[in-house]
2 protein chains.
Amino acid sequence: MNIGQAAEASGVSAKMIRYYEQIGLIEPPARSQSGYRVYAEPNVHTLRFVRRARSLGFSVEETGSLLALWRDRSRASADVKSLALKHVAELEEKAAALQAMAATLRHLASNCHGDQRPDCPILDKIGARN
Amino acid sequence: MNIGQAAEASGVSAKMIRYYEQIGLIEPPARSQSGYRVYAEPNVHTLRFVRRARSLGFSVEETGSLLALWRDRSRASADVKSLALKHVAELEEKAAALQAMAATLRHLASNCHGDQRPDCPILDKIGARN
DNA sequence: GCTTGACCTTCCCATGATGGGAAGGTGTAG
DNA sequence: CTACACCTTCCCATCATGGGAAGGTCAAGC
């Protein structure tokens, strides 16, 4: 399987597969005589793991830790759980920050006439002198 | 006022003030004979505007649009409002995405023993074969 | 007047994850 | 044998921010 097919099968773009290899997240695959990367099913499985971890918001570095745990048959599930819960806390913190911004802005917008006149509490607030 | 004092007064770092100038978000300030940037109160006011817009999650580009509206005495508040509400929608979308990740992960973690044994539904899910 | 230290200048580099694209080699179907 | 799809590496761009080097400036204290 060439990189294009591995990309198709895993949902990770060829560009990103090369990048993950370059930064050491995944092992360099075999090469054909002409230098093409050659992937087998286990490689694709790993790539899918990476894609799913990324789609849950784990950074590439965290994904590396998860990958190491995944491959470690003597892992303690407690380690996985604590990594996951720490990440959940970060996600919720970020979500809360975004929602606070949205709420503030929505409130300001609700007091804005939204017509041809220039007066606008949104700009008043952002440009407040204090 | 030198750049350090403007940074202090506005809450925008000296590095970022130079950057905002370089990309054209703010006007280049006056210079002293020796080449130091010299800021007056209106410049600081603008910088505070930028800092607040950024802290509400507006991109630098959006901040530029807001700044132009802020300075345009013949603006229509409708334009400001629609910019703000579009941004609110984006913020809420991102927040929802983060919360969905958190919820998924929290659910998986709640089914994880979190002990010395290796079995873990979190890894099972991320590494699912399908 | 001179030194010292805090400030300023520009310039280059790094981040994190992703994509675009160029230049050149390979493989295969017609 | 040609055309086209694919592969390779390499460089560049994004977005907003910070770090740091090399060198110039200013003010306070001796």
Side-chain angles (χ1 to χ4, degrees), chain A residues 1-26 28-40 43-44 46-67 87 90-91 94 97-98 101, chain B residues 1-26 28-40 43-44 46-67 87 90-91 94 97-98 101:
Chain A
M1 197 178 346
N2 285 341
I3 198 169
Q5 286 146 346
E8 177 82 10
S10 66
V12 179
S13 73
K15 274 284 197 196
M16 290 313 297
I17 295 176
R18 292 192 197 97
Y19 172 69
Y20 291 151
E21 177 188 332
Q22 191 210 317
I23 63 173
L25 179 64
I26 59 176
R31 296 277 185 148
S32 73
Q33 280 196 323
S34 56
Y36 284 20
R37 287 173 179 81
V38 176
Y39 297 88
N43 304 107
V44 172
T46 299
L47 286 168
R48 263 195 293 260
F49 183 98
V50 169
R51 176 175 57 74
R52 291 217 188 86
R54 298 279 305 120
S55 77
L56 285 171
F58 288 100
S59 70
V60 169
E61 193 176 358
E62 288 166 331
T63 299
S65 303
L66 285 173
L67 207 42
H87 183 54
E90 289 168 5
L91 289 171
K94 280 182 200 167
L98 293 179
M101 291 175 194
Chain B
M1 201 179 341
N2 286 341
I3 198 170
Q5 287 146 345
E8 176 82 11
S10 66
V12 178
S13 73
K15 274 283 198 200
M16 290 312 297
I17 295 176
R18 292 192 197 97
Y19 172 70
Y20 290 151
E21 177 187 333
Q22 191 210 316
I23 63 174
L25 178 65
I26 60 176
R31 296 274 185 149
S32 72
Q33 280 196 324
S34 56
Y36 284 19
R37 287 171 180 81
V38 176
Y39 297 89
N43 303 108
V44 173
T46 299
L47 287 168
R48 264 195 292 260
F49 183 98
V50 170
R51 176 175 57 75
R52 291 216 188 87
R54 299 279 305 119
S55 78
L56 285 171
F58 288 100
S59 70
V60 169
E61 193 177 358
E62 288 165 332
T63 300
S65 304
L66 285 173
L67 208 41
H87 183 55
E90 289 168 7
L91 289 170
K94 281 181 201 167
L98 293 178
M101 292 175 193

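These values consider heavy atoms only, across backbone and side chains, with no hydrogens, waters or symmetry-generated copies.
- Taking all atoms of both residues into account, the shortest heavy-atom contact from A:Leu47 to A:Ala6 is CD1-CB, 4.4 Å.
- Nearest-nucleotide positions on DNA chain D place A:Tyr39 closer to the 5' end than the other of A:Tyr39 and B:Lys15.
- A pairwise comparison of heavy atoms in B:Tyr39 and B:Ile17 identifies OH-CG2, 3.2 Å as the closest pair.
- In this structure, A:Asn2 places its CG atom 11 Å from C1' of D:dT8, rounding to the nearest Å.
- You'll find a donor-acceptor pair under 3.5 Å spanning the side chain of B:Tyr36 and the base of D:dG24, going by distance alone.
- Rounded to whole angstrom, the span from the CD atom of A:Glu8 across to the P atom of D:dC7 amounts to 11 Å.
- One finds a side-chain N or O of B:Ser34 lying less than 4.0 angstrom from the OP1 or OP2 phosphate oxygen of D:dC26.
- Non-hydrogen atoms lying under 4.0 Å from DNA chain D are contributed by B:Arg54, B:Ser59, B:Val60, all within residues 51-63 of chain B.
- At the phosphate of C:dT26, neither OP1 nor OP2 sits under 4.0 Å from any side-chain N or O atom of A:Arg37.
- B:Pro29 approaches B:Val38 most closely through the heavy-atom pair CB-O, 3.5 Å.
- Closest of all the heavy-atom pairs between A:Leu91 and A:Leu56 is CD1-O, 3.9 Å.
- Between the side chain of B:Arg51 and the main chain of B:Ser10, a donor-acceptor pair closer than 3.5 Å is present.
- Residue-to-nucleotide proximity on DNA chain C shows that, of A:Ser32 and A:Met16, the 5′-proximal contact is made by A:Met16.
- Here C:dG16 presents its C1' atom at 13 Å from CG of A:Leu25, a figure rounded to the nearest Å.
- One interatomic measurement links the two molecules: CD of A:Glu21 to C1' of C:dA17, which rounds to 17 Å at whole-angstrom precision.
- Summarising the geometry, the separation between CD1 on B:Ile17 and C1' on D:dT17 is reported as 14 Å, rounded to the nearest angstrom.
- For the pair B:Tyr19 and D:dC15, the criterion of a side-chain N or O lying under 4.0 Å from OP1 or OP2 is not met.
- Look at B:Ser13 and you'll find a side-chain N or O under 4.0 angstrom from OP1 or OP2 of D:dG18.
- Of all the heavy atoms in A:Tyr20 and A:Arg54, the pair that sits closest is OH-NE, 3.7 Å.
- Computed from coordinates, the A:Met1 CE to D:dC7 P distance equals 12 Å when rounded to whole Å.
- A pairwise comparison of heavy atoms in A:Met16 and A:Val12 identifies CB-CG1, 3.8 Å as the closest pair.
- In this structure, B:Arg18 reaches the C:dT9 phosphate: one of its side-chain N or O atoms is under 4.0 Å from OP1 or OP2.
- Put simply, CD1 on A:Ile26 is 14 Å from P on C:dA17, counting in whole angstrom units.
- For the pair A:Gln22 CD and D:dT9 C1', the interatomic distance rounds to 11 Å; values are reported in whole Å.
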